[in-house]
Amino acid sequence: MSGPVQGARSGGTGGTRTPLQRFFYWMSVLAVWGLIFLVVFFAVFARGLPDTSALYDVDRQPSITYLDRNGALIATRGSQQAPPADLASLPDYVPAAFIAIEDRRFYWHPGFDPIGMSRAVASNMRAGRIVQGGSTLTQQLAKNLFLTPDQNIRRKVQELMLAVWLEMKFSKQEILALYLNRVYFGAGAYGIEAASQRYFDKAAKELTVGEAALLAGLLKAPSRYSPVSESERAAVRATVVLDQMEETGVITREQRAAAVLEPVRVSRTLATQHAQYFIDWLDKEIRGLVGEPTEDMVVETTLDLTIQTSAERAVRRILERDRSKGVQQAALVALDGDGRVRAMIGGASYADSQFNRAVDARRQAGSAFKPFVYLAAMEAGYTPQTPVVDEPVQIGNWSPRNYSGNFIGETTMANAVAQSINTVAAYVADQVGRDSVAGVARRLGISSRIGLEPAMALGAVEVSPIDMATAYDAFANGGRRVEAHGISRIRTPQGRVIYQRAARDAAGGQAINNPALYYMNQMLRGVVTGGTARSVQIEGRDLAGKTGTTSDYKDAWFVGYTGGFVAAVWVGKDDNSAMRGVTGGAAPAAIWKGFMEASLPRLNVQPIPNGPAMPEGWVAPDPIGDLMGAVEDPFGDGTVIDPVDPTLGEPYVPTQPEAERPPADQRPEPEPAAEKSDNPLFF
């Protein structure tokens, strides 16, 4: 049976196909299955495609424009879209720059570029990661208009489908115009017109060749190639764009050479990056006042851009000068007498770090905290002339030591403040009660936790620069408590007022009464005239303040003021490691003085005010009379002259009865001085 069957198969040729027939047969099969696959493929991926009827709708976050107190533009946050640019009004090299760097075959492909896609796949396979994209301008437009930025196969297929649809519906010029008016250029700018205004303060039709190349280069990564924060990288990228423009014939070799030589100047307002710390702070405040923005708003702030610039220059100069000493970061907050923020520096570079050290950092205050100790003492009946003794003190198991390592013996409270003597501050805080000191600090505006351990008297309390400026403002404005704020009014661009800061909001209660305020200003002036902050003196200005330095030089402060104006300055490192011998009287004081010398002529400030009226019957201390009262009367009972060191001030009889003061023999016995590294704060 097998034989005949085999013979039948071998004997006839009618059941076999020629090679050409087999080729057409299998091509037909593949075509059918390919058609089935494509139908299923597009049916699957077409599901969930966005509604293209919203092509001309604009979906964006409301923009917030920030103005300084004089109406100058500080910044714009959120989406900014200017009226669309007319492609015909732009110089030819502007759209050509984008085509040269983003999609050379734009005028010839049907929405996707097989050559570009193949090249991108090959490059990515060689690199083992995605290093090159093959998207055309039309695909980028489809993604920007209709899709999310998710990186997956489904979104990529939908992007291709929408790109083909756009090419079928619109001309190349219409697609290019849509692209240039919708693409994101960073810094909140959408579209070529908004980007031109944001970066260069000019209309898009006025862009130079170099400026067009810079904007075209931005699109690869707006933050990475920002001309504000990454100027060198942006310049290199713009040079690449110029090379492509020359290679494709958009510009000549001479035009390219001229563009390279002509400097591109970024908007001065946008380049003021330190003011961005202030804007970040206000962003939270705005949401607290009006909720989440639902419409474009204009925020009129308290900042003074001229003073802000002075602060930036002062900080930059000293950070550069003292970099070798380990000074890496700085913060500055300046307030007027009503708590309005006039300047704010949150760090060395906003581009490098957006963490706002002026508001959010909590660093130990060191001796800049001591005014709260002495204010509690003044309110308890002490005066600047009250005699105190600089000697070894032990409170529980803790024994503070002075920065100098020495003790000067009997002195006055005023001199103890001026010379920042630790033992006296610790002893006084223990006598008046550390809870009273904490209460004073809270009353003036310190919002962070204040522990009641003995070292708190020397500034073992973590505070922010804005809290310190707020607290010291009461010394500068006549004793009133203030709230630091940066917003005067919020309105729409059309002028409708959304929020207005009322006068009652700025009117704080009396936080310091006299004579305590009078005494404190007297002593804090002494810090500047003859104490640890002598370097900040400015001729003809009534200045006062206090230095602060923590153990191992991890933090250094100077908080100083004049009439109705205060500035707090901190320097240190983010990792809380030590600087090299930097004290509050060094880098912080230098920043403060440089800032004040530039700012005070603009402010036209007055001397430090005396504050409220003195209590009835109060008599100003008379050091000369007190001194004469201590001299032996030849007709009296043989009173001994009280020796006085003229460099330390005059002793003054305390208001409390002598019997209430602890006798000398009841003071703790001196103990060996602790090593500096064991002391939590040394001055």
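Only heavy atoms go into these numbers, but all of them, side chains included; no hydrogens, no water, no symmetry mates.
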Heavy-atom side-chain contact between [X] and [Y] under 4.5 Å:
X	Y	value
Arg317	Arg313	no
Asp338	Val482	no
Thr550	Arg363	no
Tyr499	Arg501	yes
Val359	Phe278	no

By the definition side-chain contact (heavy atoms from CB on, under 4.5 Å), identify the one residue from Val437, Leu458, Val559 that meets it with Phe369.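 Only one of Val437, Leu458, Val559 forms a side-chain contact (heavy atoms from CB on, under 4.5 Å) with Phe369, namely Val437.
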
Taking side chain to side chain donor-acceptor pair (under 3.5 Å) as the definition, give me every residue that meets it alongside Asn70, ordered by chain and number, with sequence neighbours left out.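 Testing Asn70 for side chain to side chain donor-acceptor pair (under 3.5 Å), a comparison that skips the adjacent residues, returns none.
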
So which heavy atom on Ala589 is nearest to which on Ser535, and how close?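 Closest approach of Ala589 to Ser535: CB-OG, 3.8 Å.
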
Closer than 4.0 angstrom, basic N to acidic O: yes or no for [X] and [Y]?
X	Y	answer
Arg489	Glu300	yes
Asp575	Lys573	no
Asp473	Arg481	no

If you measure only the distance, is there a donor-acceptor pair under 3.5 Å linking the side chains of [X] and [Y]?
X	Y	result
Ser420	Ser367	yes
Asp467	Ser447	yes
Asn356	Trp281	no
Asp390	Asn402	yes
Thr532	Thr547	yes

Take the angle between the ring planes of Tyr472 and Phe475 and call it parallel below 30°, perpendicular above 60°, tilted in between.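 Perpendicular: the ring planes of Tyr472 and Phe475 meet at over 60°.
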
Passing option when Arg357 is tested against Asp280, Asp555, Asp574 for salt bridge (charged side-chain N to carboxylate O under 4.0 Å, His left out):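 Single pass found, and it is Asp574.
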
Give, for atom [atom1] of [X] and atom [atom2] of [Y], the distance between the pair rounded to the nearest 0.5 Å.
X	Y	atom1	atom2	result
Leu305	Arg342	CG	CZ	12.0 Å
Phe407	Asn422	CZ	CG	10.0 Å
Asp542	Ile538	CG	CD1	11.5 Å

Chi angles and distances behind the side chain to side chain contact (heavy atoms under 4.5 Å, CB included) call for Asn477, Tyr561: CA-CA 9 Å; Asn477 67 16; Tyr561 59 94; over 6 Å; no

